[in-house]
A.B. asks: 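My questions will all concern the structure given below.
Within every chain, numbering begins at 1; the chains are lettered A, B, ... in the order of the sequence lines, protein sequences first and strands thereafter.
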Amino acid sequence: MLSRISIKYFSRTYKASLNKDTIPSSIIRSEYAVRGAIAEKALKMQRQMEDEVKFPFEKIIQLNIGNPQNLGQKPISFNREVLASCLTNDIEGSRMIFSSDAVDRAEYYLSHFKHRAIGAYTDIQGVRCIMREVKSFIEKRDGVNVDENNIFLTNGATEGITFMLNLLIKDENDGIMIPIPQYPMYSALITKFEGTQVPYYLDESKGWGMSFEELERSYAEATDKGINVRSMVVINPGNPTGQVLAQEDLNRVIQFAHDKQIFLLADEVYQRNIYVDKEFCSVRKAIKELGSPYDNDVELASFHSLSKGLHGECGLRGGFLELHNIDSVVNLAIYKFKAVASCGNIIGQIGVGLMANPPTKDTVSKEVFDLYQTQEQHIHDGLKYRANLITEKLNSIQGITCNEIEGAMYAFPQIKLPQSYCDLAHQEGLSPDLKYCLEILDKTGIMIVPGSGFGQEEGTYHFRITNLVDSKSEMIKALDRIGEFTSDLMSLYK
Amino acid sequence: MFSKRLCRAYSTTLNESTIARPLIRTEYAVRGAIADKAATMKKQMEQGIKFPFDKITHLNVGNPQDLGQKPITFNREVLASCLTDDPERNRMIYSADAVDRADFYLSNINNRAAGAYSDSPGIDIIVKEVKSFIEKRDDVEVGEDNIFLTEGANEGITLMMRLLIREKSDGIMIPIPQYPIYSALTTKYNGSQVPYYLDENKGWGMSYEELERSYNEATDRGVNVRALVVINPGNPTGHVLTQKDLNKVIQFAHDKQILVLADEVYQRNIYVDKEFCSVRKTLSELGSPYNDHVELASFHSLSKGLHGECGLRGGFMELHNIDSFANATINKFKAITSCANIIGQIGVGLMVNPPTQDTVSEGVFDAYQEQEQAIFNGLKRRANIMTEKLNGIEGITCNEVEGAMYAFPKIDLPQSYCDSAHKEGVAPDLKYCLDILEKTGIMIVPGSGFGQEEGTYHFRITNLVKSEEEMDAALQQIGNFTADLM
């Protein structure tokens with residue numbers, strides 16, 4: 001048999017069967033700018049630096065990803081003590097080095113696991129006692145009644161969003177309305193699932209606000225092209241724009257969704273990152289307060305995450321999905337998806353419990369509570385301070401204008417690139433803002449993301465930069481370098 | 001607009017008729033009908049309803065710690081120390097070795113932040129640990145760019161299946177019986193399942209002839225066979241493939257120019273006198289042209305073996321001879337989901353780079369060894385007990401459990417029982433498992449969920465209940481119920 005096969009080999013070439021021609025085209029077309037071209041170049045540069053190649057800067061600074069702890073933000077002590085105590089299940093030992101409140105909370109979680117084993121798979125939807133904490137959290141925040149069966153604990157918010165888009169997109173005529181600019185995961189997933197993106201533009205001249213007219217225009221344009229609009233994504237606070245939607249705005253969104261009978265997807269992961277005098281109102285709450293018929297009809301999936309807010313635990317991968325007014329088959333389908341993917345990791349789940357059910361004055365000692373508050377406040381103050389600092393500094397750079405950062409973790413300034421620069425970029429086959437970001441990386445080591453990755457009005461250019469560098473001096477230095485590079489560019493390409 | 005709302009009915013837009021059929025059709029038996037019924041019964045028990053047993057026994061899922069297996073102390077101390085980065089304080093209650101290892105990981109993470117996203121493929125230092133592990137185990141050279149740290153082996157398998165299936169005519173060869181994730185994913189991505197049957201008469205072994213038959217039957221019906229799944233040790237069969245077997249698999253894959261998916265998550269769970277040989281190693285030893293050509297994706301996991309850390313969700317995928325564009329695409333995909341959770345990643349590092357006599361104190365090393373050995377001995381002993389006891393039940397025959405965590409016995413259900421089942425619209429082995437659950441509280445999974453030769457019936461049961469007494473009792477009850485049935 002072996003000799004029979006060897007003869008065959010000598011007379012034909014072997015070609016890798018998994019290649020550009022055989023990979024599903026939807027996957028090839030799917031792009032995720034946040035970790036795209038800029039990240040690839042940075043990786044190359046990182047390797048060169050390791051090989052002792054010299055660059056005009058010391059290190060690469062990742063201002064491209066909303067990754068707080070990578071840039072110096074510290075985790076909340078209480079949370080980590082609870083998680084560590086759960087991992088070692090050594091209550092006596094843990095009490096020697098951690099606060100007894102943290103150990104008590106760990107004990108609470110451990111007592112809900114068979115054999116106190118957090119290393120076991122949990123129920124598909126999540127650990128029951130944590131789902132109840134999430135349920136209480138939503139009920140308290142929004143004044144609603146939540147059905148536990150409509151909650152799923154997920155690996156970050158990403159997992160829940162992925163499930164919903166997978167369910168909503170049956171074929172390429174199914175359209176999903178997404179805000180422009182948007183968090184590129186939406187466009188990436190819509191492309192992956194072979195659906196159609198239906199953009200609705202946020203208004204830069206009005207602080208990135210949304211308008212009912214624009215929603216109607218976007219919807220009408222899509223339906224005219226034969227698209228079946230299935231759903232609308234709302235990101236509040238916005239990413240990359242940071243704008244915080246007022247309850248009035250949300251009412252219009254809900255009424256719009258009800259009128260068109262479309263499914264609402266509410267990405268609310270930055271609900272604790274608001275730097276102006278506005279309150280977060282969840283879509284869930286807005287629907288409830290609008291009452292009948294909206295509260296009985298409009299289908300809604302809301303997403304939250306452990307990665308942002310004031311805990312910034314991106315690496316632990318925790319989040320949840322809450323469903324409202326959905327057909328039972330949806331619940332079943334998500335359950336099946338989750339069964340195949342397996343439960344969310346336990347540490348992430350417990351992290352979500354801690355986020356949804358934080359220690360209060362009545363449940364822990366004064367010392368522990370004060371420390372908790374202090375740590376959270378410090379993080380919030382830092383984020384707010386840097387949001388203001390960034391807005392100010394960016395606006396002082398000639399050619400750059402930046403709306404006030406109301407929330408989230410980013411600035412999304414507009415840059416008026418000279419025509420000659422844009423022409424050169426086009427010759428190089430690059431989007432001008434991508435060329436700009438690649439050059440910034442080259443000259444300063446700073447990673448930012450081109451606006452083309454998020455979507456922008458045609459003929460305008462933007463970039464996204466995070467407000468996460470914990471050290472104020474480092475933040476100022478980075479902004480100064482961007483300022484220098486930009487003014488050089490402006491003079492050079494006048 | 002207002003009057004419109006009053007006079008029309010609002011119906012949900014996302015429902016059975018608007019969801020893609022493959023998604024509705026996806027089944028995953030391990031947590032299917034049996035799990036649903038058990039959940040219902042559990043609620044009833046909570047409401048005070050009496051059942052002829054105390055509690056529900058989960059012998060359906062490979063979930064070691066849920067059934068009493070303890071985690072390895074050293075590992076948990078390292079993970080805890082990574083989360084509360086205060087070495088001095090940690091040394092008060094954890095071993096210095098564990099704290100040192102945590103420090104090793106943290107010093108290789110930017111800002112010592114275990115709560116930050118890592119690079120998408122995984123934390124660099126852990127990728128290197130995985131690389132060393134494979135190189136040592138298989139005596140090969142591994143490219144770091146070919147390693148991805150994943151949320152369990154699951155994530156890697158899902159990624160590869162997604163890339164391989166473009167349309168209905170793309171087929172994936174799956175062993176029958178198989179771990180149902182393969183059939184579930186093939187259905188979900190709307191591809192074709194191409195079953196190749198393992199031979200129950202030969203200890204669930206595979207044959208080249210059967211691979212050929214399966215392939216030909218598929219190609220005859222217009223299926224474009226893209227890949228072949230090999231589960232070694234097998235799930236649910238536990239069969240351990242020899243290097244000779246693997247040679248045949250590789251030669252077959254090379255001949256047909258198809259990709260091999262090697263699910264090797266049970267490589268540390270072998271209870272007989274056979275050695276684990278990875279597909280990677282086999283390829284390397286077969287040499288040219290196989291080693292230069294055959295596309296391979298190998299999967300490993302933190303969930304099984306002797307650590308059983310299912311809930312931490314750790315795993316890795318290693319690629320070999322994969323086209324660079326495909327590799328870049330996998331990278332892109334990984335980027336969309338950010339990264340695998342850090343605790344799972346560190347768990348994988350600990351699995352592939354365990355403490356050794358030279359790297360930790362004697363006390364720590366001995367404790368580590370003892371814990372692993374106790375777990376292994378327990379799994380082995382219970383595997384043997386299960387095989388023996390099941391074979392002792394009339395109507396049930398069970399091949400020796402060579403590895404993994406399951407027995408997959410065959411049950412000769414009487415014709416009248418089968419007829420009764422068909423009348424109820426239920427597969428006979430599902431009826432059997434549902435009846436067992438109702439009468440004894442024991443959860444097992446019907447063979448129809450895994451695939452079996454037509455006209456035969458099986459069920460899968462795990463060897464994970466830590467208490468031997470409890471396991472004996474469970475097997476006794478299954479024996480009694482089955483005898484009554486017969």
A.B. asks: Answer with side chain, backbone, both or neither: which region of B/Asn247 has an atom nearer than 4.5 Å to a non-hydrogen atom of chain A?
C.D. replies: neither
A.B. asks: Below 4.5 Å from any heavy atom of chain A, which atoms of B/Leu302 appear? Answer side chain, backbone, both or neither.
C.D. replies: neither
A.B. asks: May I have the step-by-step check of side chain to side chain contact (heavy atoms under 4.5 Å, CB included) for B/Ile336 and A/Ser30, ending in yes or no?
C.D. replies: CA-CA 10 Å; B/Ile336 294 175; A/Ser30 189; 4.1 Å; yes
A.B. asks: May I ask you to check whether A/Asn345 and B/Glu151 show a side-chain donor-acceptor distance below 3.5 Å?
C.D. replies: no
A.B. asks: Among A/Ile27, A/Leu167, A/Leu316, which residue has the highest count of heavy-atom pairs closer than 4.5 Å to chain B?
C.D. replies: A/Ile27
A.B. asks: Can you tell me which of A/Ala84, A/Pro184, A/Ser328 forms the most heavy-atom pairs within a distance under 4.5 Å of chain B?
C.D. replies: A/Ala84
A.B. asks: Where on A/Phe337 is there a heavy atom nearer than 4.5 Å to chain B: the side chain, the backbone, both, or neither?
C.D. replies: side chain
A.B. asks: Whether the side chain of A/Asn67 engages the backbone of B/Tyr117 through a donor-acceptor N/O pair (distance < 3.5 Å, no angle test) should be reported.
C.D. replies: yes
A.B. asks: Counting only non-hydrogen atoms closer than 4.5 Å, does A/Ser231 touch chain B with its backbone (N, CA, C, O), its side chain (CB onward), both, or neither?
C.D. replies: neither
A.B. asks: Give the member of A/Asn89, A/Leu168, A/Thr158, A/Asn79 that has the highest number of heavy-atom pairs under 4.5 Å with chain B.
C.D. replies: A/Leu168
A.B. asks: For the candidates B/Leu83, B/Ile342, B/Leu79, which exhibits the highest count of non-hydrogen atom pairs separated by less than 4.5 Å from chain A?
C.D. replies: B/Leu83
A.B. asks: Hey, are the side chains of B/Arg162 and A/Pro24 touching, using non-hydrogen atoms and a 4.5 Å cut-off?
C.D. replies: yes
A.B. asks: Please find the pair of heavy atoms, one from B/Arg76 and one from A/Leu87, that lie closest to each other, and give the distance.
C.D. replies: NH1-O, 2.7 Å
A.B. asks: Under a 3.5 Å threshold, yes or no: a donor from one side chain and an acceptor from the other, between B/Thr84 and A/Glu81?
C.D. replies: no
A.B. asks: Report the C-alpha distance between A/Ile326 and B/Leu14 in whole Å, list the side-chain angles of each, state the deciding distance to 0.1 Å, and finish with yes or no for side chain to side chain contact (heavy atoms under 4.5 Å, CB included).
C.D. replies: CA-CA 7 Å; A/Ile326 47 124; B/Leu14 191 60; 5.9 Å; no
A.B. asks: Heavy-atom distances under 4.5 Å only: say whether B/Lys188 touches chain A with side chain, backbone, both or neither.
C.D. replies: side chain
A.B. asks: To the nearest 0.5 angstrom, please state how far the CG atom of B/Leu259 sits from the OG1 atom of A/Thr22.
C.D. replies: 9.5 Å
A.B. asks: Under 4.5 Å heavy-atom distance to chain B, tell me which part of A/Thr162 shows up: side chain, backbone, both or neither.
C.D. replies: neither
A.B. asks: Return yes if some donor-acceptor pair links the side-chain N/O of B/Lys332 with the main-chain N/O of A/Ile28 below 3.5 Å, else return no.
C.D. replies: yes
A.B. asks: What option among A/Glu159, A/Gln73, A/Lys114, A/Met185 has the most heavy-atom pairs under 4.5 Å with chain B?
C.D. replies: A/Lys114
A.B. asks: Testing the basics here: between B/Arg166 and A/Asp21, what is the closest heavy-atom pair and its distance to 0.1 Å?
C.D. replies: NH1-O, 4.1 Å
A.B. asks: Measure distances from A/Asn296 to the heavy atoms of chain B and classify the residue's part below 4.5 Å as side chain, backbone, both or neither.
C.D. replies: neither
A.B. asks: Would you say CD of B/Glu88 has more than 12 non-hydrogen atoms from neighbouring residues, nucleotides or ligands within 6.0 angstrom?
C.D. replies: no
A.B. asks: Using atom types as modelled and distance alone, determine if a side-chain donor or acceptor of A/Gln261 lies under 3.5 Å from a backbone N or O of B/Thr12.
C.D. replies: no
A.B. asks: Answer with side chain, backbone, both or neither: which region of B/Ala184 has an atom nearer than 4.5 Å to a non-hydrogen atom of chain A?
C.D. replies: side chain
A.B. asks: Need one label for A/Lys336: side chain, backbone, both or neither, based on atoms under 4.5 Å from any heavy atom in chain B.
C.D. replies: side chain
A.B. asks: Tell me, for A/Ala257 versus chain B, whether the close heavy atoms (under 4.5 Å) come from the side chain, the backbone, both or neither.
C.D. replies: backbone
A.B. asks: Can you tell me if NZ on B/Lys42 sees more than 12 non-hydrogen neighbours from other groups inside 6.0 Å?
C.D. replies: no
A.B. asks: Look at A/Lys74 together with B/Asp86 and state whether they make a salt bridge at an N to O cut-off of under 4.0 Å.
C.D. replies: no
A.B. asks: Which value, rounded to the nearest 0.5 Å, describes the distance between A/Asn155 atom CG and B/Glu155 atom CD?
C.D. replies: 8.5 Å
A.B. asks: Could you please spell out the steps behind the side chain to side chain contact (heavy atoms under 4.5 Å, CB included) verdict for A/Leu18 and B/Met160?
C.D. replies: CA-CA 10 Å; A/Leu18 190 62; B/Met160 293 310 299; 3.7 Å; yes
A.B. asks: Heavy-atom distance under 4.5 Å between the side chains of A/Gln69 and B/Asn111, does that happen here?
C.D. replies: no
A.B. asks: Are any non-hydrogen side-chain atoms of B/Gln65 and A/Phe113 less than 4.5 angstrom apart?
C.D. replies: no
A.B. asks: If you look at every heavy atom in B/Asp66 and A/His115, which pair is closest and at what distance?
C.D. replies: O-CD2, 3.1 Å
A.B. asks: Need one label for B/Asn15: side chain, backbone, both or neither, based on atoms under 4.5 Å from any heavy atom in chain A.
C.D. replies: both
A.B. asks: How far apart are the C-alpha atoms of A/Lys260 and B/Thr13, what are their side-chain angles, what is the distance that settles it, and do they pass the side chain to side chain contact (heavy atoms under 4.5 Å, CB included) test?
C.D. replies: CA-CA 10 Å; A/Lys260 311 299 185 214; B/Thr13 63; over 6 Å; no
A.B. asks: Can you tell me how far apart CG (A/Asn19) and OG (B/Ser324) are? Round to the nearest 0.5 Å.
C.D. replies: 10.0 Å
A.B. asks: So which part of A/Ile262 gets closer than 4.5 Å to some heavy atom of chain B, the side chain, the backbone, both or neither?
C.D. replies: backbone
A.B. asks: Is it the side chain or the backbone of A/Ser17 that comes within 4.5 Å of chain B heavy atoms, both, or neither?
C.D. replies: both
A.B. asks: Please state whether the side chain, the backbone, both or neither of A/Lys192 comes within less than 4.5 Å of a heavy atom of chain B.
C.D. replies: both
A.B. asks: At what distance, to the nearest 0.5 angstrom, does CG of A/Asp90 lie from OH of B/Tyr94?
C.D. replies: 7.5 Å
A.B. asks: Would you find a donor on one side and an acceptor on the other, under 3.5 Å apart, between the side chain of B/Arg313 and the backbone of A/Tyr121?
C.D. replies: no
A.B. asks: Is A/Asn331 in contact with chain B via its backbone, its side chain, both, or neither, using a 4.5 Å heavy-atom distance?
C.D. replies: neither
A.B. asks: Looking at A/Ala16, A/Ser85, A/Ala120, which has the largest count of heavy-atom pairs under 4.5 Å with chain B?
C.D. replies: A/Ala120
A.B. asks: Passes salt bridge (charged side-chain N to carboxylate O under 4.0 Å, His left out), A/Arg47 versus B/Asp145? Steps please.
C.D. replies: CA-CA 13 Å; A/Arg47 291 202 172 140; B/Asp145 289 345; 3.3 Å; yes
A.B. asks: Which bit of B/Ile109 is near chain A, if near means a heavy-atom gap under 4.5 Å: side chain, backbone, both or neither?
C.D. replies: neither
A.B. asks: How many angstroms lie between OG in B/Ser17 and NZ in A/Lys170, if you round to the nearest 0.5 Å?
C.D. replies: 6.5 Å
A.B. asks: Quick one: CD on A/Glu92 to CD1 on B/Ile93, what's the gap to the nearest 0.5 Å?
C.D. replies: 10.5 Å
